[in-house]
Protein chains: 2
Amino acid sequence: MLYSTIETLKKNQLSITDSRKKILEMFVRSKGALAHADIESQSGTEFDRVTIYRTLQTFVEKGIIHTIPTADNSVRYALCKDACTEGHHRDDHVHFMCDHCGTTYCLDHVHVPKVSLPEGFTSTQMDLVVSGKCMKCNH
Amino acid sequence: MLYSTIETLKKNQLSITDSRKKILEMFVRSKGALAHADIESQSGTEFDRVTIYRTLQTFVEKGIIHTIPTADNSVRYALCKDACTEGHHRDDHVHFMCDHCGTTYCLDHVHVPKVSLPEGFTSTQMDLVVSGKCMKCNH
DNA sequence: TAATATAATGCAACATTGTTGCAAAATATT
DNA sequence: AATATTTTGCAACAATGTTGCATTATATTA
């Protein structure tokens, strides 16, 4: 699938800026999820810390990326698939965190199975985070 | 089930202190999960902020409480059940976060269904966080 | 039970993470 | 190209979490 960062920004009515292009490119290139710190270190001193925060916030609002609930409660982001639109995220796929190398994967093709909730509880979103050893670390 | 905080502390070879007793009591009494801030506000100026951090840390290490991965990546803790022992947590039950009142529940009797992972991935833990409206907020 | 050893607490200082206001710079619009 | 709009970087701040160390509380021993 061809993924043009500029097209994505335009589609979401965002002005095309260096930081937005480069940060979005990082997500496209990265197989796993990214934390704020990853982006900060990968971009060196190119962007201000605040700009990165604001860019991530904007991308989340527009449904370009989504946050991942992780076992260690650190904040990570990953690209949304087509099902995500502004204001409404459908993140029903499974996330995998490798205990060994720390990489977080979106397992797009594994979806969260239904569970039956107790009387009176209704669900709008389900996040399944699996921890263990990934492909690479199982050699 | 009878739950003695003092017994629990002794069983885990922890010295019996005011803060440990009171913080553990809060968990026993609370239906939902607690964040550091909840404990801080409930206990007033009785304990230092640092003591609360250290107590929570100790309880996690001993397998008395566990952290809950939440949709908003805030850190919350809940009592572990018997299956949790020092150094090894089995938190295979489902957590529920109410979007409306913010309460986090451990749904002890709902367990996480198996999912089939891609080739090469092995799992040691699964955390399922369901968001929606709880019992109370569905009036 | 009193004396000693051990462990936990509170305080201060610091580190990290995230937020806000505002002037300067970049992008978009005409 | 000129103007309007948006984004950026900086500074300052707020919240959250950590560390070292003297003091205090708990546990152990005689």
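Proteins come first, then strands; the chains are lettered A, B, ... in the order of their sequence lines, and each starts at number 1.
From one end of the helix from C:dT1-D:dA30 to C:dT30-D:dA1 to the other, with five pairs defining each end axis, the axis direction shifts by 40° (rounded to 10°).
Note: CG (A:Asp18) to P (C:dA26) measures 9 Å, nearest angstrom. Nucleotide C:dA28 holds its P atom 13 Å from the CD atom of A:Gln13, rounded to whole Å. The distance from atom NZ of B:Lys22 to atom C1' of C:dT9 is 15 Å, rounded to the nearest whole Å. The CZ atom of B:Arg76 sits 12 Å away from the P atom of D:dG17 (whole-angstrom rounding). Rounded to an integer number of Å, the gap from B:Ile23 CD1 to C:dG10 C1' is 14 Å. Atom CG in A:Leu14 sits about 18 Å away from atom P in D:dT5, given to the nearest Å. Rounded to an integer number of Å, the gap from CZ of B:Phe47 to C1' of D:dT24 is 15 Å. Residue A:Tyr53 contributes atom OH, which lies 15 Å from atom P of D:dG9 at whole-angstrom precision.
The side chain of B:Ile16 lies closest to D:dA27 when the candidates are D:dG9, C:dG10, D:dA27. Comparing C:dT9, C:dT17, C:dT27 by their nearest atom to the side chain of A:Thr17 picks out C:dT27. Candidate nucleotides D:dA12, C:dT20, D:dG17 were compared by shortest atom distance to the side chain of A:Val50, and C:dT20 ranks first. If you check D:dT8, D:dG17, C:dC11 against the side chain of B:Asp48, the one that comes closest is C:dC11. Ranking D:dT16, C:dT20, D:dA12 by closeness to the A:Arg54 side chain, first place goes to C:dT20.
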### Message
Before you tell me yes or no, could you show the steps for B:Phe59 and B:Phe27 under ring-ring contact (aromatic ring centres under 6.0 Å, His included), namely the whole-Å CA-CA distance, both residues' side-chain angles and the distance that decides it to 0.1 Å?
### Response
CA-CA 11 Å; B:Phe59 285 178; B:Phe27 279 105; 7.1 Å; no
### Query
So A:Ser19 and A:Glu46, side-chain contact (heavy atoms from CB on, under 4.5 Å) or not? Walk me through it.
CA-CA 8 Å; A:Ser19 53; A:Glu46 197 174 355; over 6 Å; no
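Residue A:Thr51 places no side-chain N or O under 4.0 Å from the OP1 or OP2 atom of D:dT8.
Between A:Ile39 and A:Leu56, some side-chain heavy-atom pair lies under the 4.5 Å cut-off.
For A:Glu7 and A:Lys11, the salt-bridge test fails: no basic side-chain N is under 4.0 Å from an acidic carboxylate O.
Annotation: of the two residues near DNA chain C, A:Gln57 and B:Thr55, the 5′-most nearest-nucleotide partner is B:Thr55.
Within 4.0 Å of B:Glu46, counting heavy atoms only, lie sugar-phosphate atoms of the nucleic acid but no base atom.
One can find a donor-acceptor pair under 3.5 Å joining the base of C:dG18 and the side-chain atoms of A:Arg49.
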